[in-house]
Amino acid sequence: MASDEFQPLQGMADLGPPEVERWAAAEQEARRIFALYGCEEIRTPILERADLFIRSLGGETDVVQKEMYAFEDRGGRALALRPEGTAGVMRYVASKGQDAGDARLFYIGPMFRAERPQAGRRRQFHQIGAELIGAPHPAADAEAIALHAHLLSGWGLQQCRIRINSRGLPEERAAIQSAFRERLLPHRDALCEDCRRRMEANVLRVLDCKNPACQAILADIPPLTDFMSAAARAYLDDVIRHLEALELPIERSPNLVRGLDYYLHTVWEITHPALGAQDALAGGGRYRLQFGGRAVEGVGFAVGVERVMMALEQERPANTAERLPLVWLIAHGTAALAENMRLLQTLRRHQLAARMCLDERSVKAQFRAADRARASHVVVRGETEIQKGVFLLKNLATGEQEEVDMPELMRRLSALRLHEKT
RNA sequence: GUGGCCGUAGCUCAGCUGGCAGAGCGUCAGGUUGUGGCCCUGAAUGUCGCGGGUUCGAAUCCCGUCGGUCACCCCA
């Protein structure tokens, strides 16, 4: 705090030991659940040609226009830090041609958007996402949503709300927007200032305005799906029927809009009450993208890891008092210090995490250090123990201590082993 | 990109009608010459975010800047 030298860039955060453990555990759980659905991991570059995002997300979207970290490299190429994960995966899928026709891929990694930071919004943030490649089929969309919900419940989140809607087909998008604008036009003067601006810039955004006056007007306007083709409506109905069969609680939400241009048909968003203004934990949808002559179709979603952690912290706060599987060695005297150095190595060769104070300090100070490190056990050694060839083993949680020999020490500590040998 | 609030010890913050830089927690040491968490005693620790201005004198007032935070916007 004293100096800028210690601070990361605006909107970027260091992730330290207490949180990193929870992140790693969440990632491990995600990998397990993805495997259940036949999803394999992919890691695409963080840096891509800017053009990739402009073409796939849409050149007029806010993400591309206002939020992308775009710059020229030394060769004058226009590059960008990826603002989301789908475009890179699609580029990969297109490069594989028919070999990736029905690929199921998931990714975990950092994304970048140059926005003003706030609760649940960083400039570098992290997403876990999945893409199920394949032609439009309501069952595929339902399966993607089922996977999405499975992930969140696997992490222990129970208060999520899943809302679903359709974006219609790309060829009818312009017609939907102008029809909607036409219905809104008579009420123009009653709309809030922001919405009057939205009518020109991005008319569908009027739908999620929080202003009560605007919401009252929207109540008299038919849902967005009414402006769509019969085919688009039937597709959404099919997806919902599948989800009902899977007994997944979802809400049909005619006002749900998603900002990326590549979406068509099904879109959904998952919110959580703990999150404040940025309450979307995750979002997804069906998409179609063109790469040269190749079209890539699929359905996918992304989860914001920071937001999941916020929600998780509220639903089930981390237990910071819990002791770690760690043995702390305490020495009384110089000879014991040298002996303990050897014991450290022995313990580690037996897959036991072990530490000690490396300089000579009071026994009391060493106990305090062990407690502060949340060690579960200490082994105390002084002249008497070394002479008798024993170890004083103390359980820090219960306070019990006992003199044991080497084989017994290993037996007592065996439950703490980090990797069981086979 | 726009706006509100904030920036003082490792952490949480007080001090802000200008006049010696503080408290609690934590850390370290001792009380107990071999036992953590509780208690008692003592000690160490600061470019008062940074730069400039006003003043005899600025943590305090003014301007700028950087950062944090919340909201708008947008999204995960």
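Every chain is numbered from 1, with letters handed out A, B, ... down the list of sequences.
Residue A:L392 is in base contact, counting any heavy-atom pair closer than 4.0 Å across all strands shown. The residue A:L396 sits close to a base: some heavy atom pair falls under 4.0 Å. A:A365 comes within 4.0 angstrom of the backbone, heavy atoms only, and of no base. Looking at heavy-atom distances under 4.0 Å, A:Q124 makes no contact with the nucleic acid at all. Within 4.0 Å (heavy atoms only), A:A119 reaches sugar-phosphate atoms of the nucleic acid but no base atom. Using a 4.0 Å heavy-atom cutoff across all strands shown, A:Q118 reaches at least one base atom of the nucleic acid. Within 4.0 Å (heavy atoms only), A:Q278 reaches at least one base atom of the nucleic acid. At a threshold of 4.0 angstrom between heavy atoms, the contacts of A:G120 include nucleobase atoms, whether or not backbone atoms are also involved. Here A:V305 lies out of heavy-atom contact (under 4.0 Å) with every strand. Nucleic acid contact for A:G399: base, since at least one base atom lies under 4.0 Å from a heavy atom of the residue. If you check every strand for non-hydrogen atoms under 4.0 Å, A:T384 touches a base. Residue contacts for A:G284: at a heavy-atom cut-off of 4.0 Å it reaches no nucleic acid atom on any strand shown. If you check every strand for non-hydrogen atoms under 4.0 Å, A:R361 touches sugar and phosphate atoms only. Nucleic acid contact for A:E67: sugar-phosphate only, since backbone atoms but no base atoms lie under 4.0 Å from a heavy atom of the residue.
Put simply, CD on A:E269 is 12 Å from P on B:rC74, counting in whole angstrom units. A:E385 has its CD atom 12 Å from the C1' atom of B:rU35, to the nearest Å. Atoms CD (A:Q366) and P (B:rG30) sit 12 Å apart, rounded to a whole Å. One can place CG of A:D261 at 14 Å from C1' of B:rC74, the figure rounded to the nearest angstrom.
Ion pairing between A:E251 and A:R163 fails under the 4.0 Å rule for side-chain N and carboxylate O. Salt bridge A:D73/A:R49: absent, no basic N to carboxylate O contact under 4.0 Å. A:R82 and A:E48 are not joined by a salt bridge, as no carboxylate oxygen comes within less than 4.0 angstrom of a charged side-chain nitrogen. Using a cut-off of 4.0 Å between Lys/Arg side-chain N and Asp/Glu carboxylate O, A:E402 and A:K394 are scored as not salt-bridged.
A donor and an acceptor atom never sit less than 3.5 Å apart when one is taken from the side chain of A:R372 and the other from the base of B:rU27.
Neither OP1 nor OP2 of B:rC74 sits under 4.0 Å from any side-chain N or O of A:R258. Contact check, A:R121 against B:rA76: no side-chain N or O comes under 4.0 Å of OP1 or OP2. Residue A:Q10 has a polar side-chain atom (N or O) positioned under 4.0 Å from OP1 or OP2 of B:rG68. OP1 or OP2 of B:rC74 sits under 4.0 Å from a side-chain N or O of A:R198.
Of the candidate nucleotides B:rA76, B:rG1, B:rG30, B:rG30 has the atom nearest to the side chain of A:K364. If you check B:rU2, B:rC73, B:rC28 against the side chain of A:R368, the one that comes closest is B:rC28. Of the candidate nucleotides B:rG37, B:rA76, B:rC73, B:rG37 has the atom lying nearest to any side-chain atom of A:D371. Of all nucleotides listed (B:rU35, B:rC73, B:rA76), B:rA76 comes nearest to the side chain of A:A302. Of the candidate nucleotides B:rG34, B:rU69, B:rA76, B:rG34 has the atom lying nearest to any side-chain atom of A:H332. Side chain of A:K394, nearest nucleotide from B:rG36, B:rU69, B:rG34: B:rG36.
Here the separation of B:rG7 from B:rU60, taken at their P atoms, is 12 Å to the nearest Å.
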### Message
Test side chain to side chain donor-acceptor pair (under 3.5 Å) on A:Q158 and A:S153; report intermediate values, then the result.
### Response
CA-CA 6 Å; A:Q158 296 178 332; A:S153 65; over 6 Å; no
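The number of heavy-atom neighbours closer than 6.0 Å to CZ of A:R173, taken from other residues, nucleotides and ligands shown, is above 12. Within a 6.0 Å radius of CD in A:Q215, other residues, nucleotides and ligands contribute more than 12 heavy atoms.
Along RNA chain B, the nucleotide closest to A:M12 and the one closest to A:I270 are compared, and the more 5′ of them pairs with A:M12.
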